[in-house]
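If you read the sequence from its start, that first residue is 1, and numbering goes on from there. All heavy atoms count here, side chains included; hydrogens, waters and symmetry mates do not.
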Amino acid sequence: MTAAAPSVFSIPAGAGFADALAAGLMQRAGGDPLALSRMLILVPTRRGGRALREAFLRLSEGRPLLLPRMMPLGDLDADEIEMQGEAEAPGGPAADIPPAIPALRRQLLLSRLILKLGERLEDGPRRPDQAIRLAAELARLLDQVQTERLSFDRLAGLVPAEYARHWQITLDFLRIVTEAWPQVLEEYGALDPAERRNRLLDAQGALWRASPPGFPVIAAGTTGSIPATRDLLEVVAGLPQGMVVLPGLDGLSDEATWQQIETDESHPQFSLARLLRHLGVPREQVADWTATAPTTRDRLITEALRPAATTDAWRQAAPFDASSLAGIRRIDCATAQEEAGVIALLLRHALEAPERTAALVTPDRALARRVAAELARWDIAVDDSAGLPLAQTPPGEFLRLTAALAVERAAPLPLLAACKHPLASGGMATGEFRRCLRQLEMYALRGPRPAEGIGGTRQALLHSLAELQDRSGRDMDRVRALLEPWLDRLEAMLAPFAALIDQPAVPLADLLEAHGRFAEALAESDEEPGPVRLWRGEAGENAANFLADLRDAGAVLGTVEPALYPALLDSLLAGRVVRPRQSSHPRLSIWGPLEARLQQADLLVLGGLNEGVWPPEAGSDPWMSRPMRTSFGLPLPEHRIGLSAHDFAQGFGAPEIVLTRAEKQEGAPTVPSRWLLRLDTVLGEAAPALRQEEALWRGWWAAIDRPDAIASAGRPAPTPPLAARPRKFSVTEIETLMRDPYGIYAAKILKLRALDPIDDDPGAAERGTIIHKALERFLKDHPGTLPPDALDRLLAIGREVFAEALDRPGVWAFWWPRFERLARWFVAEESARRAILAGTETELRGEILLTGFAGGDVILSAKADRIDRLRDGTLALIDYKTGQPPKPAEVESGHAPQLPLEALIAGRGGFPGIAAAPVSELAYWRLSGGEPPGEIARPAKDIAAVTEAARDGLERLIQAYDDPATPYISRPDPDSAPRYSDYLHLARVKEWSGNGGEDGA
């Protein structure tokens, strides 16, 4: 039988591949309603099949139509490869082809091999999560090698001695793994996906060679980048009714340029040139499917993307004028956020024209998500058809967060992250669950980390509530009654999972089972069961299938260390994507370059055109260097750039295109895509014409959120009524009232209190509290003459007081050595001081009543760190400072009135147990523990005068704020304002202080 002459066609980029293909097939059907149904169309992927079905629907204008059969050939980017039809008939060539090993099981099996090998290597991987990441890379290498129909037997021919030592180790590692892997596949009776695809394609080709089908077979849209696909296309092209339809074959380049293209892997036409050479079909014999003449747009993209070796032809190329650039625009944006906003505006504007379609094509998934978010401001929902990583979907995130919650033993941040997730309800109404969580956060999870587990959180809660009730007198029983049962329920849900986490090694399947049960229990609400809420929708279904598959395959890894479980889960989730089953908008789309193949829209925005994004970085192979890949027979990384360039060239042929990029990404400058630079070079003086509308669209985007007018923020100066103004102050609050009255307004009138950071390390305030407690206990235990072992006793007390914080590395490394130095200094100083002491009181609270004010009496209170009764009948007031004490000038001027006001209270007998007496000493003891470990500063020489001045200043201050017209100004004197305040953001200090005037005018 004589083979039919090859029948190869091409559809130009500007024709819209799917629509042109469908139109040509309908024309060849000749009006026969059954002719189409007898055709078999081989498309690159299942997504290509969907695009072709939609094209038939558009052409038939909704009339019923019997469509051709469509089968995906598959490629490296396809989700799964599967041939159907005659090749799978009983007894056919493909009948005895083993199934493909599931991807998850393969990754775990490879991980097990890697771990075994790692034990034999000095620097080999030891952790399962490391092995799983390496297994994913190794699986990718296996696919590449099998796709190119190579054998790992060729590794021996790479001559390891020619390469660096680490490459020799890699070769040894690969050889061991590839020797073991075939045995594993044989044991499971399975094949690698790429090998099975090769065999299926070969079986289909053998069947058609032996018995050519009696119906048309059309292979359309593939570039033949896979050897097995090229072989099948060769069979199809030779069938009596076979046709191969190529996407966007270059028919404009001269023969010399085409010869260069055949050797340039980074060129968009390289794969097509290699395919034609394989088919034995000269380029000039490829027919035009649409019978359309090349356009100026075709010539432009051909010139711009010509091989580097032939770019000298640009000098002789006919120039392009502005009229030849119709339908092409370019917009360079300042940031990625602005680029997303401009693209959203372009897509939104396209909807103004009836029936008009528009799409964004970009490999940058972050840009795609930003554009989808920007479109939501107009209530336009558009899903990214390239999908969303499973780990970033709500169920995927919830699984990751609940795993971290258990493994980190309910530490504050993981506990809050998991329980604040939208899926968390804990068997309650979601709003009630959140309310309980907010109160738990406020009362137990702010500040230093509690002890481990829910029990530690419960202990911290009870301690915090008791302390708050003691300090403020508020009844906290209602909060306690609400949160204790809430914690009990959470603890019961977590208990089985937590019990496994506490074990040294656990079967992975058991961890997955307990994790799933806990996630379902936490997701349960008062209206719906947990499984319904957690596994709902496409993302939930994918997450449930992932967990089930992993549980089934988990026995491969055996037991794992529970502490590594979250990292292991993250590694396994990597690369798994949830794709929408159908477009969420009838006229707008967001496509990745793969999804855009065979599809077209009236307006196509090609976004993210920066080097490293589109085209992607060539990258490095973790297994082989470039010379090794060449020697082995694998394509170079530039091959990916060539495929990416072909996607760009196909998109460039759309009726109307907009090219966009961001000049900065996360604050760093970017480099324009090489294709943009080539376009600028080819266009020359005409290049600026592409950007004529750039300022217009960027201006529209900037105007969306720009207010009509920007009012300058003024310095806050509230004037509450006299009845709302406070009548009780501590001595430290008096200083705040002088330096930052707004702070008093916020704290005592608005009653706002700053929350401590979550999971906070003890800071300077906590260190001061601990030192105060240690010294207080020491002085109470030894009121008289100090014993000979005073230092040892102080250190022993310090260890007890520090005990709760010593488990933190920073406390042990920095605080304790400082306390040891401080203790030596303190004991020496205290020993010398005992000769003049009649007694010492510490942490003493006192107050006095000040009368005769328009607003009523005022209570002045203080908590003195230390009051010494001296043998001469006078008093000494000592304030411990772990930081820098006030300067003497500040005390003398009244800007630091704490100690003088304490002297006023002591002089009037306001401290219980301390009789009224003159004050002969005011002192700051700086307890730094550094060099020197301690210092004593006595800031006032004439204590009586300083105390009297403080009393006069206090009375004038009270009288001033008893006037309802006196405002509580924020930081009236910037030079004397406190360095820190909890209310700076509330007072918007950075806004009004930057207006050029302190009054904010």
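- Inter-residue side-chain proximity for Lys881 and Leu927 is flagged as unmet; no heavy-atom pair is nearer than 4.5 Å.
- A donor-acceptor pair under 3.5 Å is formed between the side chain of Lys748 and the backbone N or O of Lys728.
- The number of heavy atoms from other shown groups lying within 6.0 Å of CZ (Arg988) does not exceed 12.
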Take Phe778 and Thr842 through the side chain to side chain contact (heavy atoms under 4.5 Å, CB included) test and state the conclusion after the steps.
CA-CA 10 Å; Phe778 177 77; Thr842 58; over 6 Å; no
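- You'll find the side chain of Met428 reaches within 4.5 Å of the side chain of Cys436, heavy atoms only.
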Between Leu490 and Leu415, is a side chain to side chain contact (heavy atoms under 4.5 Å, CB included) present by the stated rule, with each step listed?
CA-CA 10 Å; Leu490 183 60; Leu415 175 62; 3.7 Å; yes
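- Looking at every heavy atom in both residues, Pro900 comes nearest to Ala950 through CB-CB, 3.7 Å.
- Glu830 has a carboxylate O that lies under 4.0 Å from a charged side-chain N of Arg866, or vice versa, which qualifies the two as a salt bridge.
- Salt-bridge check for Arg727 with Asp962: passed, with a basic side-chain N closer than 4.0 Å to an acidic carboxylate O.
- Contact of the Tyr983 side chain with the Asp740 side chain is not registered, since no non-hydrogen atoms from C-beta on lie closer than 4.5 Å.
- Closest of all the heavy-atom pairs between Thr457 and Ala410 is OG1-O, 4.0 Å.
- Between the side chain of Arg739 and the main chain of His895, a donor-acceptor pair closer than 3.5 Å is present.
- Here the shortest heavy-atom pairing between Leu844 and Glu841 reads CD2-CB, 4.0 Å.
- Under the 3.5 Å distance criterion, the side-chain polar atoms of Ser464 are left unmatched by any main-chain donor or acceptor of Ala460.
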Decide yes or no on side chain to side chain contact (heavy atoms under 4.5 Å, CB included) for Trp825 and Trp925, but give the supporting numbers first.
CA-CA 11 Å; Trp825 176 87; Trp925 285 24; 4.1 Å; yes
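- More than 12 heavy atoms of other residues, nucleotides or ligands sit less than 6.0 Å from atom CD of Gln503.
- Atoms OG and CG, on Ser861 and Leu849 in that order, are 12.0 Å from each other to the nearest 0.5 Å.
- A donor-acceptor pair under 3.5 Å links the side-chain atoms of Gln469 to the main chain of Met476, judged by distance alone.
- A salt bridge links Asp488 to Arg458: at least one charged side-chain nitrogen sits closer than 4.0 Å to a carboxylate oxygen.
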Steps toward salt bridge (Lys or Arg N to Asp or Glu O under 4.0 Å) verdict (Asp502, Arg409):
CA-CA 9 Å; Asp502 290 334; Arg409 292 170 170 78; 3.1 Å; yes
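- For Asp982 and Arg753, the salt-bridge test fails: no basic side-chain N is under 4.0 Å from an acidic carboxylate O.
- Between Leu437 and Trp486, some side-chain heavy-atom pair lies under the 4.5 Å cut-off.
- Between Leu511 and Ile501, some side-chain heavy-atom pair lies under the 4.5 Å cut-off.
- Shown here for Ala862 and Ile905, the closest heavy-atom pair between the two residues is CB-CD1, 3.7 Å.
- For the residue pair Thr840 / Asp868, a side-chain donor-acceptor distance below 3.5 Å is found, with atom types taken as modelled.
- Residues Pro450 and Gln459 have side chains not in contact (no heavy-atom distance under 4.5 Å, counting atoms from C-beta outward).
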Phe819 vs Ile770, side chain to side chain contact (heavy atoms under 4.5 Å, CB included): CA-CA, chis, key distance, verdict:
CA-CA 10 Å; Phe819 182 78; Ile770 291 173; over 6 Å; no
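- Expressed to the nearest 0.5 Å, how far CZ of Phe729 lies from CG of Leu954 amounts to 8.5 Å.
- Salt-bridge annotation for Lys780 and Glu776: present, with a side-chain N of the basic residue lying under 4.0 Å from a carboxylate O of the acidic one.
- Salt bridge Asp759/Arg449: present, at least one basic N to carboxylate O contact under 4.0 Å.
- Within the 4.5 Å cutoff, the side chain of Pro787 has heavy atoms near those of the Arg793 side chain.
- Taking each heavy atom of Val407 and Pro562 in turn, the nearest pair found is CG2-O, 3.5 Å.
- By the 6.0 Å contact criterion, NZ on Lys773 is open, its count of non-hydrogen atoms from other residues, nucleotides or ligands being 12 or less.
- Atom-to-atom distance recorded for Leu494:CG and Thr402:OG1 is 9.5 Å, nearest 0.5 angstrom.
- Using modelled atom types, one side-chain atom of Arg725 and one backbone atom of Pro720 make a donor-acceptor pair closer than 3.5 Å.
- Residue Arg845 holds its CZ atom at 4.5 Å from NZ of Lys863, rounded to the nearest 0.5 Å.
- More than 12 heavy atoms of other shown residues, nucleotides or ligands fall within 6.0 angstrom of atom CZ in Arg871.
- Under the 3.5 Å distance criterion, the side-chain polar atoms of Asp879 are left unmatched by any main-chain donor or acceptor of Tyr924.
- Atom CG of Leu877 sits about 11.0 Å away from atom CG of Leu901, to the nearest 0.5 Å.
- Ring pair His772/Tyr880 is perpendicular by interplanar angle, where above 60° counts as perpendicular and below 30° as parallel.
- For the atom pair Leu986 CG and Tyr745 OH, the distance stands at 8.5 Å (nearest 0.5 Å).
- Tyr565 places no side-chain N or O within donor-acceptor distance of the main-chain N or O of Ala406, the cut-off being under 3.5 Å.
- At distances below 3.5 Å, not a single donor-acceptor pair connects side-chain atoms of Arg951 with backbone N or O atoms of Leu904.
- Side chain of Arg715 to backbone of Ser970: a donor-acceptor contact under 3.5 angstrom is found.
- Side-chain contact check for Ser928 versus Leu822: every heavy-atom pair is 4.5 Å or farther apart.
- For Ala466 against Arg480, the heavy-atom pair with the smallest separation is N-NH2, 4.4 Å.
- Checking side-chain atoms of Arg434 against main-chain N and O of Ala424 turns up a donor-acceptor pair under 3.5 Å.
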Given salt bridge (Lys or Arg N to Asp or Glu O under 4.0 Å), test Glu432 with Arg435 step by step and report yes or no.
CA-CA 5 Å; Glu432 181 66 15; Arg435 189 170 72 87; 3.0 Å; yes
